[in-house]
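It should be emphasised that the depicted structure is a prediction, and the values quoted were computed from it without experimental measurement. Keep in mind that the numbers below use all heavy atoms, side chains included, and drop hydrogens, waters and symmetry copies. Protein chains get the first letters and strands the later ones, always in sequence-line order, with residue 1 at the start of each.
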There are 2 protein chains.
Amino acid sequence: MRDVAALAGVSVKTVSRVVNDEPGVSADVRERVEAAVARLDYRPNLAASNLRRTGARTGLVGALVQDLSNSFSAGLLRALEDSARQHGTAVLAASLDEGADREQELVHDLVSRRVDGLVIMPATARQDYLIAELRTGTPAVFVDRPPRGIDVDSVVVDNVGGARTATEHLLAQGHRRIAALSDTRTIHTASTRLVGFAEAYAARGLEPDPRLVVPDLRSSEEATRAMHALLELDDPPTAVFTARNILSSGVVRALAERGLRRQVALVGFDDFPMADLLDPPLTVMRQDVGRVGRAVAHMLFERIGGDTSAPRHVVLEPSLVVRGSGEIPLPGR
Amino acid sequence: MRDVAALAGVSVKTVSRVVNDEPGVSADVRERVEAAVARLDYRPNLAASNLRRTGARTGLVGALVQDLSNSFSAGLLRALEDSARQHGTAVLAASLDEGADREQELVHDLVSRRVDGLVIMPATARQDYLIAELRTGTPAVFVDRPPRGIDVDSVVVDNVGGARTATEHLLAQGHRRIAALSDTRTIHTASTRLVGFAEAYAARGLEPDPRLVVPDLRSSEEATRAMHALLELDDPPTAVFTARNILSSGVVRALAERGLRRQVALVGFDDFPMADLLDPPLTVMRQDVGRVGRAVAHMLFERIGGDTSAPRHVVLEPSLVVRGSGEIPLPGR
DNA sequence: CCGCGTCGTGACAACGTTGTCAGGGACATG
DNA sequence: CATGTCCCTGACAACGTTGTCACGACGCGG
């Protein structure tokens, strides 16, 4: 900046004025400065600028998601990115892989970087630690999982209702032995979806067979193994409810390996690309990631804009997408 | 920081020493400062710190990919993120959507933010504009598509060879009427893969039917429409080569709509999750995104570390993953 | 011709941090 | 006891920028 000023024969302050399009600079000077800027490839230092400007924004938001390469996280991030762009803001993205420690480290790091806001798909059981982190005034919005131990904005889908709908869909077709495969129970969405599963049975005065409920599956491979085990029971399930997209794929794989894809009904939570191209096409409870992402971005940027009203909790309804796999009838009917 | 110093009864410099774990602070003082830091929730201001430290890193790299929500971009980003974490670096991610203007804007923005390095999946035809941008010393690594008009590091897969292998795989089974569906020709990978397609024919002294070569398809839906049109020809293709994962899904959809999934052979470029669960499972040329991402990260961090040797261009070989869709025989054989 | 407002410009301080250097005390050495 | 060395600590300047204020030139009305 000093060099530019020297080359244009003006003071640094005047360069600053030109660069920031401030009024009160004669056309002649403005032109000289612009020429100097161009000639020297001058780039304003955003860090220094932010340092000086009182309470200026960094134009950065942090997004902590489960796994960038999972279609749910990736879709969410994409929607967030699109909204952020409209606010001249860039997105710092990181994967948590359900690591509670990583979540705390990353939040700490992002707050130190003075991000304008945080989007968190929490991996921790409780987020009390955030109280201290957010004291600086950084707003945060939770997504996919509600906050515990702290009251901040959140956008989640109705997991209980969604799981109930999915399960009821299978029950309505006569299935009574429905398996439920789910993620680690400490993950909120995993346990809530199992609640919905049980509720659907209860609504009909029935009870699920506890042997068919398999929680704590951490990968597609574990789901495949678990499904094989279930199919080897004396009284195997006639239908399956999977609580997450990677578990759905594991189950499809197990069914494929046994040639049972058209015999066992399946409804999965979470849609994913090409689910409609499977054979049979996969019936799913779809969360509209675009809508979730936009809702999150909307709330976040309102907060960044100065909204200090009470935290809001948005609950979106997932929708049943009927494609075929969930409509396989009970054998012998 | 001043407040911490006051509370601990020391100078700001001493606080700085404690915060940065510098030697030469008595245990007594260190303890007092740490207590004050904890009590006041003091966060060092990274921006100010970077400003003062001469030539310090921001611990930030920018990644400009085609589309965050596409499995190829997302997988790449994930691999980059994992490597970056080991270098204490966070990733700024953005989608280009093949927008040349967006690429230039974003590069400009990221350079102004003083990122330590850039990863670019270019959307522009030429990247001369980068010469000025990179004069500040920011290293860049290109991925998926080689640089034009500037010589910087790159990691690409052998697109010509991969397309040739895929096409030869179909030719070897007797197919002679193979359709080729591809992306916008200005995209390097799209045009190169068509070159490989033609080369495979040429190697056998044959020529592809130009009416079966359909470039400039920008979405899965366009691929579906194009495929329907091809199947309505008097002499329709007996096999298909698709140059990108979203085009593969479009073709599968068209085939499914006509009940031809087991009649028309298909080999796609780019693997994607659950390609093995389609019926028939999809035969693809797989690019190992993890390896690509790690190679990119490796080169980038060597540059950031001060490596000033001549730009390197890494070419990785994709591999044919035989699953079934590519092995459908020619009708009547 | 004087006083006053307006306009363009620059000097200076400050944002939060750290590199440099100097000062003062404790201790060892001659 | 004088001198030197080491250790701990703090004052100060500087990183690149912008907010504040003041200054001089100019034009206008009285």
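With sequence neighbours excluded, no residue satisfies ring-ring contact (aromatic ring centres under 6.0 Å, His included) with A:Tyr42. A search for salt bridge (charged side-chain N to carboxylate O under 4.0 Å, His left out) contacts involving A:Arg135 returns B:Asp41, not counting sequence neighbours.
With values rounded to the nearest 0.5 angstrom, A:Thr138 atom OG1 is found 8.5 Å from A:Asp116 atom CG. Expressed to the nearest 0.5 Å, how far OG of B:Ser11 lies from CE of B:Met1 amounts to 8.0 Å.
Rounding to whole angstrom units, CE of residue B:Met1 and C1' of D:dC12 are separated by 14 Å. Spacing between atom CG of A:Asn50 and atom P of C:dT17 amounts to 14 Å, rounded to whole angstrom units. We find that OH of B:Tyr42 is positioned 7 Å from C1' of C:dG16, with the value rounded to whole Å. When the P atom of C:dT17 is taken as reference, atom CG of B:Leu46 falls 10 Å away, rounded to whole Å. With rounding to whole Å, A:Arg2 atom CZ is found 16 Å from C:dG10 atom C1'. In this structure, the CG atom of B:Asp3 is 11 Å from the P atom of C:dC15, given to the nearest Å.
Contacts with DNA chain C (heavy atom under 4.0 Å) in residues 11-33 of chain A: A:Ser11, A:Lys13, A:Thr14, A:Arg17, A:Gly24, A:Val25, A:Ser26, A:Val29, listed by number. For DNA chain D, none of the residues of residues 104-118 of chain A falls under the heavy-atom distance limit of 4.0 Å.
When each of A:Val157, A:Val156, A:Asn159 is checked for a side chain to side chain contact (heavy atoms under 4.5 Å, CB included) with A:Val315, only A:Val156 meets the rule.
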Side chain to side chain donor-acceptor pair (under 3.5 Å) between B:Thr186 and B:Thr184, worked out: CA-CA 6 Å; B:Thr186 52; B:Thr184 316; 5.2 Å; no

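Remark: side-chain polar atoms of A:Ser112 are not paired, donor with acceptor, to backbone N or O of B:Arg43 under 3.5 angstrom. The backbone N or O of A:Gly59 sits less than 3.5 Å from a side-chain atom of B:Arg113, completing a donor-acceptor pair.
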Strand DNA chain C in bracket notation, Watson-Crick/G-U under 3.5 Å with | for pairs to another chain: ||||||||||||||||||||||||||||||

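In this structure, B:Arg52 does not reach the D:dA14 phosphate: none of its side-chain N or O atoms is under 4.0 Å from OP1 or OP2.
At most 12 non-hydrogen atoms from other residues, nucleotides or ligands lie less than 6.0 angstrom from CD of B:Glu31.
Among residue pairs with one or both ends in residues 87-98 of chain B, those qualifying as salt bridge (charged side-chain N to carboxylate O under 4.0 Å, His left out) are A:Arg78-B:Asp97, B:Glu98-B:Arg145; sequence neighbours excluded.
In the model, A:Asp28 has no side-chain atom that pairs as donor or acceptor with a side-chain atom of A:Ser26 under 3.5 Å.
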